[in-house]
Amino acid sequence: MLFSCASIYTYSQTGRVGINTENPQNTFHIDGNKDNPATGTPTALQQVNDVIVTNAGQIGIGTTTPSQNLDVAIGNARVRNINTNIGDAITDRIVVADANGVLKTIPKQNSLIFGGDLSDVVSSSTLTRPALNSTPTLSNLRTVNFTVDYTSLVTLDYTISYNIPNINDLSDGFVRSLSSGFTFSSSATPSVPAGTIFAANSTPITTSSSTGNLPGFYYLSGSQTLRLNPGSYQLNLFGSIRNSGVSSVPFSVEFGSAATDFITITAKAIQ
């Protein structure tokens, strides 16, 4: 049985209700522009101004075949007064859209993974290179374990202090060098296998004076941004010294004596 009122409301024998259409496509169908055909399926252009509720309770806006509980085929959605809702920075999740426009939530990737407060993270360590030996002495100064939740651009920064305990080590005028940098304990990316040095810095050290000292602290810094996949990583900060190879004087350097040695790890999710 079919009833109509001012050609606006149409009830069909199938139990469907149509507004501005005698050809409702599902349980409740509004044809906003009254441009749907009397029979058959409306075209995509005709559906743009339609709203439909299916027998499964799904709502389609701009489509007569919604695939989600709320399916907006074209245009943008707006929530008024959303800024009055105060979120929780710890437990709230991030809303994203997949390639098909389906809204989903993902946990937040903390942008600051480690550090950020300039606290001293490196204990003092003295490295010594014997006389007549130019082979570098390398020491692990600090290990940091961290986790990346999503494919991210991860920036790793450090600043490490050093000082020369005895200037007599340099009195022969031969050039020595200091260096620092990061390594991963296991392969992080195809281009950064385990043990590969990155974010490296170095400086030459020399003097011909055998008196006085080098007061205070000096610093080496480095930074590198890497694309890292989700996973757990072990990062090592190392210090290294190299003697001249021809000097008859051993060479010692103390790393990490200052109170402001730091490592900072930040991440920006890209997937």
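- Here the side chains of Ser257 and Ser124 are in contact, with some heavy-atom distance below 4.5 Å.
- No side-chain heavy atom of Ser111 sits less than 4.5 Å from a side-chain heavy atom of Thr266.
- Looking at Ser252 and Thr128, their side chains do bring a donor and an acceptor atom within 3.5 Å of each other.
- Results of the side-chain contact (heavy atoms from CB on, under 4.5 Å) test with Asp50 over Ile30, Asp31, Asn33 single out Asp31 as the only residue that passes.
- One distance of note links CD1 of Ile59 with CG of Leu70; it measures 6.0 Å at 0.5 Å rounding.
- No side-chain heavy atom of Ser161 sits under 4.5 Å from any side-chain heavy atom of Tyr218.
- Here the side chains of Asp98 and Lys104 are in contact, with some heavy-atom distance below 4.5 Å.
- No side-chain heavy atom of Thr260 sits less than 4.5 Å from a side-chain heavy atom of Thr159.
- Using a distance-only test at 3.5 Å, with no hydrogens or angles considered, a donor-acceptor pair links the side chain of Thr21 to the main chain of Asn23.
- Of the inter-residue distances, the one linking Lys268 atom NZ with Thr225 atom OG1 reads 11.0 Å to the nearest 0.5 angstrom.
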Query - ring pair (Phe, Tyr, Trp, His ring centres under 6.0 Å) between Tyr158 and Phe182, worked out - result: CA-CA 9 Å; Tyr158 72 88; Phe182 284 133; 5.0 Å; yes

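- Looking at Gln25, its side chain never comes within 3.5 Å of a backbone N or O of Thr64 through a donor-acceptor pair.
- Aromatic rings of Phe184 and Phe198 (six-membered ring for Trp) have centroids within the 6.0 Å cut-off, being under it.
- Rounding to the nearest 0.5 Å gives a distance of 8.0 Å between OG1 of Thr147 and CD1 of Ile113.
- At a threshold of 4.5 Å between side-chain heavy atoms, the hydrophobic network of Ile, Leu, Val, Met, Phe, Trp and Tyr places Phe114 and Leu226 in one connected group.
- At a cut-off of 3.5 Å, with distance as the only test, a side-chain donor of Asp117 or Ser119 sits close to an acceptor on the other residue.
- We find the NZ-CG distance between Lys34 and Asn49 to be 11.5 Å, quoted to the nearest 0.5 Å.
- Residues Asp157 and Ser223 have side chains that bring a donor and an acceptor to within less than 3.5 angstrom of each other.
- Of the possible polar contacts, one joining the Arg129 side chain to the Thr135 backbone as a donor-acceptor pair under 3.5 Å is found.
- Tracing side-chain contacts under 4.5 Å through hydrophobic residues (I, L, V, M, F, W, Y), one never reaches Leu127 starting from Phe238; they form parts of separate clusters.
- Considering every non-hydrogen atom in both Arg176 and Asn243, the closest pair reads NE-OD1, 2.9 Å.
- Side chains of Gln234 and Ser185: a donor on one and an acceptor on the other come within 3.5 Å.
- At a threshold of 4.5 Å between side-chain heavy atoms, the hydrophobic network of Ile, Leu, Val, Met, Phe, Trp and Tyr places Leu235 and Val192 in one connected group.
- Pro24 and His29 make their closest contact through CA-ND1, 3.5 Å (heavy atoms, listed as atom of the first residue, atom of the second, distance).
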Query - Check against side-chain contact (heavy atoms from CB on, under 4.5 Å), Ile205 and Leu178 - result: CA-CA 7 Å; Ile205 301 291; Leu178 314 179; 3.9 Å; yes

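- Hydrophobic cluster membership differs between Leu138 and Leu237, with clusters built from Ile, Leu, Val, Met, Phe, Trp and Tyr side chains linked at under 4.5 angstrom.
- Closest heavy-atom contact between Leu228 and Ala188: CD2-CB, 4.0 Å.
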Query raised in the report: Under the side-chain contact (heavy atoms from CB on, under 4.5 Å) criterion, do Tyr162 and Thr203 qualify, and how do the steps go?
Result: CA-CA 11 Å; Tyr162 68 89; Thr203 185; 3.7 Å; yes

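- With hydrogens and angles left out, the side-chain atoms of Asn145 and Ser232 include no donor and acceptor closer than 3.5 Å.
- Proximity of a side-chain donor or acceptor of Ser187 to a complementary backbone N or O of Thr189 within less than 3.5 Å is detected.
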Requested in this report: Could you give me the CA-CA distance, side-chain angles and deciding distance for Thr151 and Arg227, then say whether side-chain contact (heavy atoms from CB on, under 4.5 Å) is met?
Outcome: CA-CA 7 Å; Thr151 301; Arg227 177 190 173 110; 3.7 Å; yes

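- If you check the side chains of Ser177 and Ser202, you find no donor sitting under 3.5 Å from an acceptor.
- Considering all non-hydrogen atoms of both residues, Ser152 and Val148 come closest at OG-CG1, 3.7 Å.
- Side-chain atoms of Asn201 come within 3.5 Å of backbone N or O of Ser221 as a donor-acceptor pair.
- Remark: Ile74 CD1 is loosely packed, at most 12 non-hydrogen atoms of other residues, nucleotides or ligands lying under 6.0 Å away.
- Side chains of Thr63 and Ile61 form no contact here, defined as non-hydrogen atoms less than 4.5 Å apart.
- Across all non-hydrogen atoms, the minimal contact from Ala259 to Asp120 is O-CB, 3.2 Å.
- Put simply, the side chain of Val253 does not reach to within 4.5 Å of the side chain of Thr126, judged on heavy atoms.
- The CG atom of Leu141 lies 9.5 Å from the OG atom of Ser123; values are rounded to the nearest 0.5 Å.
- When atom types are taken as modelled, the side chain of Gln47 and the backbone of Thr65 share no donor-acceptor pair closer than 3.5 angstrom.
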Report task. Show the numbers, then the answer: is there a side-chain contact (heavy atoms from CB on, under 4.5 Å) between Val154 and Ile265? Result -> CA-CA 7 Å; Val154 180; Ile265 305 173; 3.7 Å; yes

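- Contact between Val175 and Pro204 at its shortest, heavy atoms only, is CG1-CB, 4.0 Å.
- Using modelled atom types, one finds a donor on one side chain and an acceptor on the other under 3.5 Å when comparing Asn236 with Thr143.
- Residues Val102 and Gln68 are in side-chain contact: their nearest non-hydrogen atoms beyond the backbone lie under 4.5 Å apart.
- Under the 4.5 Å side-chain heavy-atom criterion for Ile, Leu, Val, Met, Phe, Trp and Tyr, Val48 and Phe28 are members of distinct hydrophobic clusters.
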